[in-house]
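Per chain, numbering begins at 1; letters A, B, ... match sequence-line order. Because only heavy atoms are used, hydrogens play no part in the values below, and waters and symmetry mates are left out as well, while side chains stay in.
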Amino acid sequence: METIKIGLKHLLPGQVVSSVTFDSPKSFPNSPSDVKHFLIGAKVLLVKRRAKVLLIELSSKYSLAIHLKMTGQLVFINHMTKSKSKLKTIKTTERFGAGHPNNSLIGKLPDKSTRVNIRFESGANLYFNDQRKFGWMKLLPTAEIPNTDFFKKLGPEPLATSFTASDFADRMNKRPNTSIKAALLDQSVIAGVGNIYSDESLWGAKIHPATLVRKLSASKLETLFHELQYVLKLSINKGGSTDKNYLDAQGRRGSYLRFARVFRRDGKPCPRCGVIIIKIRIAGRGTHICPHCQKEPRT
DNA sequence: CACTTGACCTGTCCGC
DNA sequence: TGCGGACAGGTCAAGT
């Protein structure tokens, strides 16, 4: 989501919404009246992110809040005409934003998983596609967003400059009797960490994901904190973790998973010791570990 | 209260 | 090829 934000923040501000189409209230719960009053005619001011939610601030004092969940995509298509281009030869369609893993989507949206289509006066479109309908896009008063249930319970951003290793340990220690993996995935402890980065950071810190938080020493937690920051920064630099559905902000696939050391690498050798990586189930999630580097905790 | 499990959806993959 | 079941990057509600 951070890579999507990085791309869209250079593309959306200044765009004025001209029309919107949407289907089910599950993907877009607002009424046509909300759309008419707070979205149509509004200009995009800012693009931000909090946890896994993208925020598009509008001149109407409302914002679009977007959560992609497992299979959501945001695809920005700027339909440009040859007549408007004097400086260079350009493609008739340029696509930006997060979206489909290959270029076959160009010119083919909307499709059957398109939940919302926002059209701008410039002729550009922002498509919200979501195969599984877990994700959502909602129009909310900008000032109210921090007071929503979802935002109120979020923990700190792991890459915030003010967030230290001891802050991290303090947060984790609020969940002493759960597995470290469940604690990492709990958005009220730390915001924004999902299954990929929890597995990757635990491998980096040589911690078995089933280890109870209270069994971890302060120095282990500090190592985990640094490994978590490392994998998050690396992934942002590589354009995110595109696998099936996500694209990075410039319309390219993110490449982080090529650098992943355990995630979806079961059956392959651990890059540190060569022992075959296995996949297990922890905290109800598929979990990838090196059984040699990440020893099972004694109970 | 802390913690875990199932449900929400659709598509794909794997074994029979 | 067809069919059934398990599984998928996240979050809730309901359960223990």
Tell me: CZ of F151(A) to P of dC12(C), nearest whole Å? 11 Å
Give the nucleotide from the list dC9(B), dT4(B), dG9(C) with an atom nearest to the side chain of A182(A). dT4(B)
Give me the ring orientation class for F76(A) and F120(A): parallel if the planes are under 30° apart, tilted from 30 to 60°, perpendicular past 60°. tilted
Could you check whether Y256(A) and Y197(A) have their ring centres less than 6.0 Å apart? yes
Report, as yes or no, whether the 6.0 Å neighbourhood of atom NE2 on H292(A) holds more than 12 heavy atoms from other residues, nucleotides or ligands. no
Taking 4.0 angstrom as the limit, do K181(A) and D199(A) come out as a salt bridge? yes
Between dC3(B) and dG9(C), how far is it from one C1' atom to the other, in whole Å? 23 Å
Centroid distance below 5.5 Å plus an interplanar angle below 30 degrees: do F134(A) and dC8(B) meet both conditions? yes
Taking the side chain of R132(A) as heavy atoms from C-beta outward, which of dT11(C), dT10(B), dG9(C) is closest to it? dT10(B)
Proximity to the side chain of I196(A) - top-ranked nucleotide from dA8(C), dG9(C), dC3(B): dG9(C)
Under 3.5 Å, is there any donor-acceptor pair linking the side chain of R175(A) to the base of dA2(B)? no
Side-chain donor or acceptor of D170(A) paired with backbone N/O of D167(A) under 3.5 Å: no
Would you indicate which nucleotide in dC9(B), dG11(B), dG9(C) comes nearest to any side-chain atom of R285(A)? dG9(C)
Separation of the C1' atoms in dG6(B) and dA6(C), to the nearest angstrom: 15 Å
Mind checking the P distance from dC3(C) to dC9(B)? Whole angstroms is fine. 24 Å
Stems in DNA chain B, runs of 3 or more consecutive Watson-Crick or G-U wobble pairs with both distances under 3.5 Å, sorted by first number, are B:2-8 with C:10-16, B:10-16 with C:2-8
Selection from dC3(B), dT4(B), dG9(C) that lies nearest to any side-chain heavy atom of M70(A): dG9(C)
